[in-house]
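See structure below.
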Amino acid sequence: MQLLDKFPIEGGQKDPKKRIIPFLPGKILFRRSHVRDVAMKRLRFIDDYCRALVRLPPHISQSEEVLHFFETKAEDINPPVE
């Protein structure tokens, strides 16, 4: 949402045909027992989104918002154990 607010033209707010910012795959509601299955199904869509994001023009792909999105967080390095 921050990217769409910061780059309204590239986000297609004025003309949807000119949108270059990719759509983020939506959340999927699921039961707790299906967490892994849902995560594996979403993996490709999220990977495609990330690849499209870094291929955008530098004023977007190197913006503070995109860099923050890709920052490593503590839980990325040491994920919680089930």
Side-chain angles (χ1 to χ4, degrees):
M1 293 308 298
Q2 292 174 355
L3 284 179
L4 298 176
D5 291 341
K6 187 170 183 176
F7 305 105
I9 294 171
E10 294 88 341
Q13 290 181 12
K14 297 186 187 239
D15 183 355
K17 294 176 186 171
K18 293 187 178 181
R19 181 176 179 140
I20 61 170
I21 294 176
F23 288 94
L24 181 62
K27 291 183 179 182
I28 300 173
L29 299 176
F30 54 89
R31 294 187 182 143
R32 196 170 184 99
S33 63
H34 297 115
V35 171
R36 182 165 174 73
D37 292 339
V38 171
M40 294 307 292
K41 288 177 185 173
R42 291 191 72 213
L43 189 58
R44 173 160 168 102
F45 298 110
I46 293 171
D47 183 58
D48 290 345
Y49 173 79
C50 291
R51 289 176 188 274
L53 201 56
V54 298
R55 284 194 299 261
L56 290 172
H59 72 282
I60 301 173
S61 64
Q62 296 174 18
S63 69
E64 183 178 328
E65 291 79 7
V66 172
L67 296 176
H68 181 70
F69 178 79
F70 285 108
E71 272 182 7
T72 305
K73 296 168 183 60
E75 59 268 16
D76 295 333
I77 297 169
N78 295 310
V81 178
E82 289 186 22

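The structure displayed is predicted, hence computed values, not measured ones. Side-chain atoms are counted along with the backbone in the values below, which use heavy atoms only and exclude waters and symmetry mates.
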With sequence neighbours excluded, tell me which residues meet side chain to side chain contact (heavy atoms under 4.5 Å, CB included) with [X].
X	answer
K6	S63, E65
R51	D47, R55
D76	T72, K73

Remaining members of hydrophobic cluster (4.5 Å side-chain criterion), [X]:
X	result
L67	none
I9	none
V54	M1, L3, L4, F7, I20, I21, L24, Y49, L53, L56, I60, V66, F69, F70

Take atom CD in Q13; do more than 12 heavy atoms of anything else shown fall under 6.0 Å from it? yes

Name all pairs fulfilling the side-chain hydrogen bond (donor to acceptor under 3.5 Å, both in side chains) condition that reach into residues 15-26, sequence neighbours left out, sorted by first residue then second. none

Of all residues at least two apart in sequence or in a different chain, which pass the side-chain hydrogen bond (donor to acceptor under 3.5 Å, both in side chains) check with E71? H68

